[in-house]
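See structure below.
Every chain is numbered from 1, with letters handed out A, B, ... down the list of sequences. Here the structure is a predicted model, which means the values were calculated and not measured. Atom set for the values below is all heavy atoms of this structure, side chains included, hydrogens, waters and symmetry mates excluded.
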2 protein chains.
Amino acid sequence: MSLEHAILGFLNYAPMTGYDLKKAFDTSVRHFWPADQAQIYRTLKELTRRGWVTVEVVPQEDRPNRKVYHLTDAGREELRRWLRAPSDPEDPRVPLLVKVFFAGQLADEEAVALLEGYAAGLRARLEEYARIPQQAAHYAEAVRSPREVFFWALTLDYGVRLTRAALEWAEETIRHIRNLEEES
Amino acid sequence: MSLEHAILGFLNYAPMTGYDLKKAFDTSVRHFWPADQAQIYRTLKELTRRGWVTVEVVPQEDRPNRKVYHLTDAGREELRRWLRAPSDPEDPRVPLLVKVFFAGQLADEEAVALLEGYAAGLRARLEEYARIPQQAAHYAEAVRSPREVFFWALTLDYGVRLTRAALEWAEETIRHIRNLEEES
DNA sequence: GTATAATATATGACCAGTCATATAATACCA
DNA sequence: TGGTATTATATGACTGGTCATATATTATAC
């Protein structure tokens with residue numbers, strides 16, 4: 001399960017609270033692995049039970065106590081085991097394709113509208129991706145580990161390439177449908 | 001929810017049992033929307049409750065009775081409503097990228113092995129996709145609705161393009177890591 | 001003769017993830 | 001003065017999906 005291991009991965013950088021972890025997810029892997037706050041806290045409990053992390057309660061007066069989680073040796077071992085383990089190749093679920101599959105029920109203009117909406121979402125996504133490097137720049141400087149930064153950048157590259165491929169498909173498909181219309 | 005509506009979509013082609021539906025899923029949309037048998041039966045129950053489908057029990061002597069489900073007018077309306085409704089653009093979860101994100105913990109050869117395993121899975125997927133047109137040929141003939149066949153083909157085209165894009169990313173990334181190794 | 005596949009429906013247990021909400025203090029803005 | 005944001009943890013209810021298994025008959029393969 002990815003959430004568990006992503007948490008181990010973050011705690012391997014530095015000890016953190018559930019709250020910190022939520023922010024870490026939201027500013028890094030959220031585009032390919034969003035994490036729900038409730039799920040993070042419940043997973044931390046489970047990871048503690050398994051001995052992969054330990055808790056250190058840091059009392060605070062002005063705000064709620066912090067529960068700082070530390071990766072244990074067993075946890076670090078599990079992280080590396082998971083990283084090396086083969087992942088089974090599952091095709092990702094694509095809700096849009098379910099609509100496309102049954103789009104024969106729609107008129108041509110309606111099918112085009114469906115694809116235009118999808119394409120608009122993809123373009124917005126690409127714009128968001130384009131803003132990431134600047135946002136990440138100060139991070140990369142702070143971390144000062146070019147090796148880590150290299151792998152982080154790979155995930156963005158993947159996102160851009162796949163989104164572009166999907167957009168090209170959508171645009172060509174729209175053109176295709178419009179051509180069929182003209183011919184008839 | 002896609003499963004519900006996919007079932008409505010199939011029942012719009014023809015009345016069917018849960019068993020038939022399972023086969024329909026497995027021979028068409030399984031690459032982007034796999035359906036569990038238990039989930040199909042439970043969803044049919046729910047769709048009946050909502051009045052989108054009706055059941056007709058067809059007694060059989062030699063094997064279990066068939067419960068043939070029929071799409072109602074309300075169900076057909078719901079199918080078209082769903083097809084026309086905008087789908088919110090969510091980035092798909094990509095478990096591999098979680099590993100890549102934390103791959104700084106691995107040695108270069110290990111990171112390459114991770115990507116090689118992924119690439120192998122993608123190549124197998126492309127080979128499977130390449131076999132689909134022949135498999136679907138007799139279907140397309142039987143259906144005799146070129147419009148339906150056109151939309152079905154679009155979903156395959158999407159799969160091929162996205163898988164190729166992912167494979168290119170993986171292959172270029174592998175080369176990239178190997179180049180870095182040589183330089184050092 | 002024995003095992004497995006196909007036809008057909010169904011339930012129980014479980015899992016990961018989502019959404020809403022609770023608590024409680026401080027800070028800041030209008 | 002009221003409303004929202006930030007810090008911080010936690011629970012309850014729910015949803016969609018997975019896995020294993022039960023039942024019962026016929027057909028086919030080894």
Chi angles and distances behind the side chain to side chain contact (heavy atoms under 4.5 Å, CB included) call for B/Y118, B/W169: CA-CA 11 Å; B/Y118 178 62; B/W169 169 83; 3.9 Å; yes
Side chain to side chain contact (heavy atoms under 4.5 Å, CB included) between B/R66 and B/Y19, intermediate numbers included: CA-CA 9 Å; B/R66 293 161 57 83; B/Y19 189 80; 6.0 Å; no
Derivation of the side chain to side chain contact (heavy atoms under 4.5 Å, CB included) call for A/T173 and B/Y158: CA-CA 10 Å; A/T173 300; B/Y158 178 100; over 6 Å; no
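In this structure, B/F102 has its ring center closer than 6.0 angstrom to the ring center of A/Y13. Residues B/H176 and A/F150 place their aromatic rings such that the two centres sit under 6.0 Å apart.
Taking a 6.0 Å sphere around CZ of B/R164, one finds it holds 12 or fewer heavy atoms contributed by other residues, nucleotides or ligands. Atom CD of B/Q134 is surrounded by more than 12 heavy atoms from other residues, nucleotides or ligands within 6.0 Å. At most 12 non-hydrogen atoms from other residues, nucleotides or ligands lie less than 6.0 angstrom from CD of B/E77.
Atom CZ of A/R66 and atom P of D/dA8 are 5 Å apart (whole Å). Taking atom CD of A/E4 as the reference point, atom P of C/dC15 lies 11 Å away to the nearest angstrom. Going from atom CD of B/E46 over to atom P of D/dG17 covers 13 Å, rounded to whole Å. When rounded to the nearest whole Å, the span between CZ of B/R49 and P of D/dT15 equals 10 Å. Atom-to-atom, OH of A/Y69 to C1' of D/dA10 comes out at 10 Å; the value is rounded to the nearest Å. In this structure, the CG atom of B/D88 is 10 Å from the P atom of C/dC19, given to the nearest Å. Per the geometry, CG belonging to B/L47 stands 15 Å off C1' belonging to D/dT15, to the nearest Å. If you take CZ of B/R50 and P of D/dT15, they are 10 Å apart, rounded to a whole angstrom.
With contacts defined as side-chain heavy-atom distances shorter than 4.5 Å, the pair B/L96/B/L114 qualifies.
At the phosphate of C/dA10, neither OP1 nor OP2 sits under 4.0 Å from any side-chain N or O atom of B/Y41.
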Between the protein and nucleotides 18-20 of chain D, which nitrogen or oxygen pairs come in under 3.5 angstrom?
| unit_1 | atom_1 | unit_2 | atom_2 | d |
| --- | --- | --- | --- | --- |
| D/dT18 | OP1 | A/R93 | NH2 | 3.0 |
| D/dT18 | O4 | B/R42 | NH2 | 3.2 |

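Each of A/M1, A/H5, A/E4 was checked for a side chain to side chain contact (heavy atoms under 4.5 Å, CB included) with A/W82, and the lone residue meeting it is A/H5.
Of the residues in residues 9-22 of chain A, A/T17, A/G18, A/Y19 come within less than 4.0 Å of DNA chain D through at least one heavy atom, sorted by number.
A distance of 11.0 Å separates CD in B/E171 from CG in B/L115, rounded to the nearest 0.5 Å.
Across its full length, the helix from C/dG1-D/dC30 to C/dA30-D/dT1 shows an angle of 30° between the axes of its 5 terminal pairs at either end, rounded to 10 degrees.
Distances were taken from every side-chain heavy atom of A/K45 (C-beta onward) to each of C/dA10, C/dT11, D/dT11; the shortest belongs to D/dT11.
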